[in-house]
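Only one structure is covered here, and it is reproduced in the block below.
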Amino acid sequence: MASVPEAVRYVADLMAGFRHPWFLCGGWAVDAWLGYQSRDHGDVDIVVFHDDQRAVFDHLDGWELIAHDPHVPDDTNEPWDGRHLDLPAHIHVPHPRSTLASSSARFNAEFEFEFLLNERSTDEWVLAHEPRVALPIGHAVKQSAWQIPTALPEIALFYKAGGHLAPAEAGDLRPHDELDFLALLPILTTSQRTWLRDALTLTHPAHPWLTQLAN
């Protein structure tokens with residue numbers, strides 16, 4: 001098995017015994033498919049499904065969890081009490097030195113990570129609405145060389161492209177997302193390029209990555 005970076009191994013070990021789907025995404029997912037760490041990462045991103053949020057709360061009983069959804073300010077560091085979170089939502093597990101950490105009475109993460117709550121419909125991962133983009137979960141997630149369930153390269157890039165957002169909400173591409181795209185582009189298969197191109201054409205028909213995906 002390829003050497004797993006310490007931060008990713010730490011989170012994977014914490015998730016051992018979690019009886020619901022979870023998988024690596026974001027920048028570390030890019031590196032999982034590259035097989036090496038290509039850049040620095042602020043945290044580890046994990047996808048769980050929206051209807052499994054209570055299982056996350058129970059699995060990390062005693063940990064400091066900071067949740068954000070449309071009902072709380074973006075800068076809140078109020079600990080999550082298990083209340084139901086509406087989409088879009090994410091849950092931080094802060095490092096003790098994080099600006100989000102506020103409680104010395106609860107466990108903090110050695111390596112900061114967060115759960116990104118995503119929607120599913122039966123066995124499909126719903127990536128976007130209007131137009132709808134969805135994939136069977138089994139076709140969107142595979143074991144990487146790190147032996148960790150990981151969102152496939154084209155799925156990670158769809159999110160990095162802002163494909164899940166309405167064009168008016170997407171804003172400018174972040175520099176590190178551009179770097180991740182350029183790093184993964186050469187290893188995408190023809191079918192992966194085609195899927196990403198078709199998905200972005202549906203949701204963001206003027207996206208700047210489309211030209212490179214067509215080559």
Side-chain angles (χ1 to χ4, degrees), residues 2-12 15 22-48 66 68 74-75 77 87-95 97-101 109-118 125 127-128 133 140-142 144-146 148-189 192-193 195-197 199-201 203-204 206-215:
S3 177
V4 182
E6 189 176 5
V8 177
R9 182 181 295 279
Y10 173 81
V11 175
M15 294 303 291
W22 68 272
F23 26 93
L24 190 63
C25 61
W28 278 117
V30 171
D31 286 353
W33 297 118
L34 292 173
Y36 61 89
Q37 183 174 347
S38 62
R39 61 174 178 84
D40 291 334
H41 301 278
D43 60 9
V44 180
D45 291 331
I46 298 294
V47 165
V48 295
I66 309 297
H68 294 88
D74 289 342
D75 60 353
N77 65 349
L87 293 172
H90 57 275
I91 303 160
H92 292 274
V93 189
H95 186 277
R97 293 190 295 276
S98 169
T99 57
L100 291 173
E110 183 176 338
F111 296 94
E112 190 155 337
F113 63 102
E114 70 176 295
F115 297 96
L116 308 177
L117 300 188
N118 276 237
W125 182 359
L127 305 174
V133 178
V141 179
K142 301 293 182 185
S144 70
W146 294 346
I148 291 172
T150 305
L152 288 179
E154 64 271 32
I155 308 301
L157 290 177
F158 179 77
Y159 275 97
K160 285 182 165 291
H164 59 300
L165 302 170
E169 299 172 344
D172 295 331
L173 288 166
R174 301 174 299 181
H176 64 270
D177 291 331
E178 291 272 21
L179 289 173
D180 290 343
F181 173 66
L182 293 174
L184 273 181
L185 184 60
I187 69 169
L188 293 180
T189 66
Q192 288 172 328
R193 280 176 177 248
W195 183 90
L196 181 57
R197 185 182 68 240
L200 287 178
T201 298
T203 61
H204 292 258
H207 200 282
W209 290 355
L210 290 172
T211 300
Q212 290 157 283
L213 287 166
N215 294 331

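Atoms considered below: every heavy atom in the structure, side chains included; atoms not considered: hydrogens, waters and symmetry mates.
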**Prompt:** Phe181 and Lys160: side chain to side chain contact (heavy atoms under 4.5 Å, CB included), yes or no, with the steps?
**Reply:** CA-CA 8 Å; Phe181 173 66; Lys160 285 182 165 291; over 6 Å; no
**Message:** Between Phe115 and Trp22, is the ring pair (Phe, Tyr, Trp, His ring centres under 6.0 Å) condition met? List the steps.
**Reply:** CA-CA 9 Å; Phe115 297 96; Trp22 68 272; 8.7 Å; no
**Request:** For Tyr159 and Asn118, run side-chain hydrogen bond (donor to acceptor under 3.5 Å, both in side chains): C-alpha distance rounded to whole Å, both residues' side-chain angles, the deciding distance at 0.1 Å, then the answer.
**Result:** CA-CA 11 Å; Tyr159 275 97; Asn118 276 237; 2.6 Å; yes
**Asked** Given Leu116 and His90, is the side chain to side chain contact (heavy atoms under 4.5 Å, CB included) satisfied, shown in steps?
**Response** CA-CA 5 Å; Leu116 308 177; His90 57 275; 3.8 Å; yes
**Item:** Worked check of side chain to side chain contact (heavy atoms under 4.5 Å, CB included) between Tyr10 and Val44
**Value:** CA-CA 10 Å; Tyr10 173 81; Val44 180; over 6 Å; no
**Prompt:** side chain to side chain contact (heavy atoms under 4.5 Å, CB included) between Leu24 and Phe113: does it pass, once the steps are laid out?
**Reply:** CA-CA 11 Å; Leu24 190 63; Phe113 63 102; over 6 Å; no
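Minimum interatomic distance between Ala128 and Thr203 (heavy atoms only, all atoms of both residues): CB-CG2, 4.3 Å. The minimum heavy-atom distance between His68 and Leu100, with the atom names listed, is CE1-CD2, 4.3 Å. Residue Ala12 comes nearest to Ile148 through the heavy atom pair CB-CD1, 4.0 Å, listed as atom of the first residue, atom of the second, then distance. Taking every heavy atom of both residues into account, Glu112 and His95 meet most closely at OE1-N, 3.3 Å. The nearest pair of heavy atoms linking Gln212 to Arg193 is O-NH1, 3.5 Å. The two residues Leu210 and His204 have their closest heavy-atom pair at CD1-O, 3.7 Å.
The distance from the CZ atom of Phe158 to the CG atom of Leu152 is 14.0 Å, given to the nearest 0.5 Å. The NE2 atom of His92 sits 9.0 Å away from atom OG1 of Thr99, with the distance rounded to the nearest 0.5 Å. Separating the CG atom in Leu117 from the CD1 atom in Ile91 is a distance of 4.5 Å, to the nearest 0.5 Å. To the nearest 0.5 Å, atoms CG (Leu188) and CG (Leu213) are separated by 7.5 Å. Interatomic distance, Trp209 CH2 to Arg197 CZ, rounded to the nearest 0.5 Å: 15.5 Å. Taken to the nearest 0.5 Å, the CZ atom of Phe23 stands 10.5 Å off from the CE atom of Met15.
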Quick one: side chains of residues 27-35, donor-acceptor pairs under 3.5 Å with protein atoms, not counting sequence neighbours, listed by atom name and distance.
residue: Trp28; atom: NE1; partner: Asp43; partner atom: O; Å: 3.4
residue: Asp31; atom: OD1; partner: Ser38; partner atom: N; Å: 3.2
residue: Asp31; atom: OD1; partner: Ser38; partner atom: OG; Å: 2.6
residue: Asp31; atom: OD2; partner: Ser38; partner atom: N; Å: 3.1
residue: Asp31; atom: OD2; partner: His41; partner atom: NE2; Å: 2.7
residue: Trp33; atom: NE1; partner: Ala151; partner atom: O; Å: 2.7

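Residue-environment remark: CG (Asp74) stays at or below the threshold of 12 foreign heavy atoms within 6.0 Å.
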